[in-house]
Number of protein chains: 2
Amino acid sequence: MNEFGSYFRKRREERRQSDRRFSLRQVATRAGIEPSYLSKVERGEEAPPSERTICALAEDLGEDPDLLLALGGKVSRDLQLAILRRPQLFAQLIRELNDLPDHAVLRLVREVRDGAW
Amino acid sequence: MNEFGSYFRKRREERRQSDRRFSLRQVATRAGIEPSYLSKVERGEEAPPSERTICALAEDLGEDPDLLLALGGKVSRDLQLAILRRPQLFAQLIRELNDLPDHAVLRLVREVRDGAW
DNA sequence: ACAAATGTGTAGTGTGTACTACACACAACA
DNA sequence: TGTTGTGTGTAGTACACACTACACATTTGT
């Protein structure tokens with residue numbers, strides 16, 4: 001039920017194939033946490049870390065923070081702040097997009113990005 | 001710096017003009033919290049309550065939960081879950097919409113609602 | 001063979017969140 | 001005038017979050 005740990009471990013060990021610096025201990029140290037803690041997190045014995053720590057881990061591994069945060073069940077604070085600025089507007093939009101299939105949302109994202117607005 | 005309390009108090013006292021049942025005590029009791037706690041929340045001496053309690057208060061007062069949650073600095077869990085299902089897509093969309101003015105976002109919301117997708 | 005590095009087990013900690021319980025003084029109301 | 005209701009002050013609590021500290025056995029590198 002906690003995908004964060006297993007996903008992160010898998011990714012870390014992949015990178016480790018080609019670079020010894022991606023041992024659990026070294027990654028933990030660079031991210032500023034205790035190795036024993038990361039060990040428990042990777043095995044799902046502990047819940048996913050804080051946003052701050054997840055981002056540090058993501059950067060070290062070269063992973064997408066948004067994806068890793070999502071696996072940890074968290075929405076990054078900056079996205080939350082964007083929503084909080086216009087709560088009703090975003091609430092309505094997100095709830096409606098939730099019923100649409102991926103390709104529709106993707107198309108929408110592209111159109112917004114391409115400045116059709 | 002905490003708008004939740006003052007806004008809620010204002011709203012509650014407005015409703016109280018025409019209905020004595022909207023005293024602090026009665027609202028608190030119906031929402032399932034202690035009056036002294038609501039008193040502190042309204043005066044900003046305590047941080048805004050949990051999502052659960054905010055929603056109970058919103059329903060009692062007939063306020064929009066999303067707005068009240070936003071004033072409390074929170075994004076409702078169901079919105080978060082919608083985002084977590086497609087984290088990268090939503091992250092990109094929200095960040096881009098954040099730079100656009102209200103009317104542009106509003107227009108987008110309307111088009112999605114009207115099923116142009 | 002020996003030192004260095006690795007992953008993990010146990011135990012404990014500080015901080016924040018979200019409240020409760022109870023007492024008090026004051027006001028309205030009947 | 002007494003009871004009922006009102007807002008507020010003080011004190012305290014249960015629980016979860018996000019870790020740390022350190023020891024240990026095992027594995028790896030030279």
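From a predicted model like this one, the values you see are computed outputs, not experimental measurements. So you know, we letter chains A, B, ... as the sequences are listed, proteins then strands, and number each from 1.
- Between A/Glu42 and A/Arg9, at least one side-chain nitrogen of the basic residue sits less than 4.0 Å from a carboxylate oxygen of the acidic one, meeting the salt-bridge criterion.
- Nearest heavy-atom pair, B/Tyr37 versus B/Pro49, reported as atom, atom and distance to 0.1 Å: OH-CA, 3.6 Å.
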Step by step, would you call B/Ile83 with B/Ile94 a side-chain contact (heavy atoms from CB on, under 4.5 Å)? CA-CA 10 Å; B/Ile83 294 169; B/Ile94 293 170; 4.0 Å; yes

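- Sequence neighbours left out, the pairs with a member in residues 48-60 of chain A that pass side chain to side chain donor-acceptor pair (under 3.5 Å) are A/Arg30-A/Asp60, A/Ser50-A/Thr53.
- Rounding to whole angstrom units, CG of residue A/Leu38 and P of D/dC22 are separated by 19 Å.
- A/Val41 is connected to A/Ile54 through a chain of hydrophobic side-chain contacts under 4.5 Å among Ile, Leu, Val, Met, Phe, Trp and Tyr, so both are in one cluster.
- B/Ile33 comes within contact range of the sugar-phosphate backbone alone, with a heavy-atom separation under 4.0 Å but no base atom that close.
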Set out, line by line, the N/O atom pairs under 3.5 Å between protein and nucleotides 5-11 of chain D.
from: D/dT6; atom 1: OP1; to: B/Ser23; atom 2: OG; distance (Å): 3.1
from: D/dT6; atom 1: OP1; to: B/Gln26; atom 2: NE2; distance (Å): 3.0
from: D/dG7; atom 1: OP1; to: B/Arg16; atom 2: NH1; distance (Å): 3.3
from: D/dG7; atom 1: OP1; to: B/Leu24; atom 2: N; distance (Å): 3.3
from: D/dG7; atom 1: OP2; to: B/Leu24; atom 2: N; distance (Å): 2.8
from: D/dG7; atom 1: OP2; to: B/Arg25; atom 2: N; distance (Å): 3.0
from: D/dG7; atom 1: N7; to: B/Arg25; atom 2: NE; distance (Å): 2.9
from: D/dG7; atom 1: N7; to: B/Arg25; atom 2: NH2; distance (Å): 3.1
from: D/dG7; atom 1: O6; to: B/Arg25; atom 2: NH2; distance (Å): 2.4
from: D/dT8; atom 1: OP1; to: B/Arg9; atom 2: NH1; distance (Å): 3.4
from: D/dT8; atom 1: OP2; to: B/Arg9; atom 2: NH2; distance (Å): 2.6
from: D/dT8; atom 1: OP2; to: B/Ser39; atom 2: OG; distance (Å): 2.9
from: D/dT8; atom 1: O5'; to: B/Ser39; atom 2: OG; distance (Å): 3.4
from: D/dG9; atom 1: OP2; to: B/Arg43; atom 2: NH1; distance (Å): 2.6
from: D/dG9; atom 1: OP2; to: B/Arg43; atom 2: NH2; distance (Å): 3.1
from: D/dG9; atom 1: O6; to: B/Ser36; atom 2: OG; distance (Å): 3.4
from: D/dT10; atom 1: O4; to: B/Lys40; atom 2: NZ; distance (Å): 3.2
from: D/dA11; atom 1: N6; to: B/Lys40; atom 2: NZ; distance (Å): 3.3

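- Applying the salt bridge (charged side-chain N to carboxylate O under 4.0 Å, His left out) test to every pair with at least one member in residues 13-23 of chain A, sequence neighbours left out, gives these pairs: A/Arg11-A/Glu14.
- B/Glu34 meets the side-chain hydrogen bond (donor to acceptor under 3.5 Å, both in side chains) test with no other residue; sequence neighbours excluded.
- Residue A/Glu51 contributes atom CD, which lies 17 Å from atom C1' of C/dG16 at whole-angstrom precision.
- A/Arg52 places its CZ atom 12 Å from the P atom of D/dT20, with the value rounded to the nearest Å.
- Every pair passing salt bridge (charged side-chain N to carboxylate O under 4.0 Å, His left out) that includes a residue from residues 88-102 of chain B is listed here, sequence neighbours excluded: A/Asp66-B/Arg95, A/Asp78-B/Arg95, A/Arg86-B/Asp102.
- The stretch residues 56-72 of chain B has no heavy atom under 4.0 angstrom from DNA chain D at all.
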